[in-house]
Protein chains: 2
Amino acid sequence: MASIRDVAKLAQVAPSTVSLVLNNKGYVSEVSRKKVLDAIEKLNYVPNELARNLYRNSTNIIGIIVPDVAHPFFGAFIGALEIALYKYNYKIMVCSTIERENAEHEIVDMLRRQMIDGIIMGCHSLEVDLYDNVNKPIVAFDRIINNKIPIIRSDHEKGGRLAAQAMLKAGCKYPLQITGIKNSSMSAYLHHSAFKDELSRNGIEVINYEMEWNKFDMNYFKRVAVDVFEKYPHIDGVYGADMVVCACLGEARKRKLDIPKDIKFIAYDGTFITESSFYNITAIVQPINILAQKTAQMIVSLIKNENIEKEVIVPISIRYGDTC
Amino acid sequence: MASIRDVAKLAQVAPSTVSLVLNNKGYVSEVSRKKVLDAIEKLNYVPNELARNLYRNSTNIIGIIVPDVAHPFFGAFIGALEIALYKYNYKIMVCSTIERENAEHEIVDMLRRQMIDGIIMGCHSLEVDLYDNVNKPIVAFDRIINNKIPIIRSDHEKGGRLAAQAMLKAGCKYPLQITGIKNSSMSAYLHHSAFKDELSRNGIEVINYEMEWNKFDMNYFKRVAVDVFEKYPHIDGVYGADMVVCACLGEARKRKLDIPKDIKFIAYDGTFITESSFYNITAIVQPINILAQKTAQMIVSLIKNENIEKEVIVPISIRYGDTC
DNA sequence: GTGAAAGCGCTAACAG
DNA sequence: CTGTTAGCGCTTTCAC
């Protein structure tokens, strides 16, 4: 591995001159510049980023924690974040907490150890106090951690209301919603309670079906779907996150229900799977790209020590499909 | 930021002693150890990983390139890789090439600059010569780069054959396969040609429908589905990757075809979306966890300079659903 | 314009 | 068992 000193030696200049050329800083005579560039070429020299990182005390890497990369919502979010952060010259390092409980500790630790410049926290931590003494850039995505850490999320209250209104308009009388909520600090709580309230205000009571929390595999959702229809065969509307609604649609088919006549479905999130199913599923669509852009912007501002808003709420909308 | 020197000063020992304590190396008297630990506690000291990285000339980060993190296959692969690599104490850094053409250059560059210790290359590069002079750990996932870089993939030939046999058994006479292949170095080529050959051997000709390459969005697949049925309304079997098969199923529904009586479907990959659709889609299932484990194992061996196999081929199987 | 020198924070020889 | 010292490879003052 050629170092900057080797280049300097070959070019017959000082290491600092090489550095200036590399970083396009200060003034370097054309003669020296040429000699340096030639030497770099000849030695096939590549600067060592680790030394730079040490000097600058930063890596231009942002850590991202999500429950599960393979989940369509988080997958899309991460993809969008990668692109958004790239514009600010940051790379991403992804950690999933599902199946790896201590991922959260680890990434906070990496922040402390200077391995990453900031964290985008998109999972539902149970150990909020983990973040108490970390006075470094952290942005919370769709989750309240503490009152110091800024948060970005969709307008879930409106999302829940939109869904409720669509159910009402479609003439739904016995709606059921499937929740997977640990506690009210999770913002999913917001749309589910808005959904319930809005319907209730119109004289319709929503059945709450509670799932296990932080479960994302299709087989589990299928079991939930079976259970939902066994316990509540009379329902004529289902509201829940994309994947579980997909599973319920499949179950409705097995039960030979006519969709949307017999039963209506609205999915929350509106990831590609609501469009890839047999039916186009009516969905409340979270604007993933905008969320990612805002999140990227915020973590970068935080790193630069700029002023930021404590809360960014992004508008949400409904996309009508065949199921409601 | 407290440094190792501050700790040493407070503990009244030398920095090297602190280092020994931190790394649990060599012998340190209980008295010194205690003093050091106290000082660390008091100063809230956290070692700076960047300095370590510089010294060791490694970061324990593996770069992963895929076309699209949000794609269900790659999402699952990345999730599995994260877990597999975690066991070897590596973190991952993800890059998608879709929408970011130069991601590939960048990540190779990071390898050169010592920012990452190795690369798992899971996208279909068009610039194979990019890798010619990189004499560092690279593993190719499902893709031939050059004869120096080891490859891991499923047994696609068998996958194609299994699909063909299932189609035959189901009595399919006019199968169509949807490909998205750039050139024969892509291993998708293998299963598609095996599929065609196997059916041909049984007197059945497969129609080839060629999609654009490296396109992964659902809307595109839906357009493809419409086009497929418009051009070839008489087909009674569709074979292709998960997402496009999902789209075709949706189109078949619109055309009121009876599934699987009128038309059969087999999806290649078998990601969760084949199980989340209205139907359980019959699929050739790539063993993502095993692929990820083998890939992780291989890149780690490569980093450690151990001997490795040049090619690892993992068995594949068919999962019967409702569509064939 | 350019070079010498200090230092980012840590590790590992090597004396003692 | 512990301290001194010399780097890892780069950047940046600060003289010249």
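Each chain gets a letter, A, B and so on, in the order its sequence line appears, and its residues count up from 1. All values reported here derive from a predicted model rather than from experimental measurement.
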For atom CG of A:Asp6 and atom P of D:dG9, their distance in whole Å
9 Å
Can you tell me if A:Lys294 has over 12 outside heavy atoms packed within less than 6.0 Å of its NZ?
no
More than 12 heavy atoms of other residues, nucleotides or ligands under 6.0 Å from OH of B:Tyr189: yes or no?
no
Taking atom NZ as the centre, does A:Lys136 end up with more than 12 heavy-atom neighbours from other residues, nucleotides or ligands that are less than 6.0 angstrom away?
yes
Expressed as a whole number of angstroms, how long is the span from B:Arg113:CZ to D:dC10:P?
10 Å
Close N/O contacts between protein and nucleotides 2-6 of chain D (under 3.5 Å):
from, atom 1, to, atom 2, distance (Å)
D:dT2, OP1, B:Ser29, OG, 2.4
D:dT2, OP1, B:Ser32, OG, 2.3
D:dT2, OP2, B:Ser29, N, 2.7
D:dG3, OP2, B:Ala14, N, 2.7
D:dG3, OP2, B:Thr17, OG1, 3.0
D:dG3, N7, B:Ser16, OG, 3.0
D:dT4, O4, B:Ser16, OG, 3.4

Is B:Glu306 atom CD crowded by more than 12 heavy atoms from other residues, nucleotides or ligands, each under 6.0 Å away?
yes
Those residues of residues 40-59 of chain B lying under 4.0 Å from DNA chain D by at least one heavy atom:
B:Leu54, B:Tyr55
Would you mind reading off the distance between A:Ile4 atom CD1 and D:dG7 atom P, rounded to a whole angstrom?
18 Å
Between A:Tyr86 and B:Arg100, is there a cation-pi geometry (under 6.0 Å to ring centre, at most 45° from the normal)?
yes
CD1 of B:Ile290: more than 12 outside heavy atoms within 6.0 angstrom?
no
How many angstroms lie between atom CD of B:Glu49 and atom CG of A:Leu50, to the nearest 0.5 angstrom?
11.0 Å
How about CD on B:Gln12, more than 12 heavy atoms from neighbouring residues, nucleotides or ligands closer than 6.0 Å, or not?
no
To the nearest Å, give me how far apart CG (A:Asn23) and C1' (D:dG9) are.
13 Å
Between A:Asp38 and A:Lys42, is there a side-chain N and carboxylate O pair less than 4.0 Å apart?
no
Nearest whole angstrom, please: distance from the P of D:dG9 to the NZ of A:Lys9.
12 Å
Does a side-chain N or O from B:Lys25 land closer than 4.0 Å to OP1 or OP2 of C:dT11, or not?
no
Tell me: CE of B:Met115 to P of D:dC8, nearest whole Å?
21 Å
B:Ser19 side chain near C:dT11 phosphate (N/O to OP1/OP2, under 4.0 Å)
yes
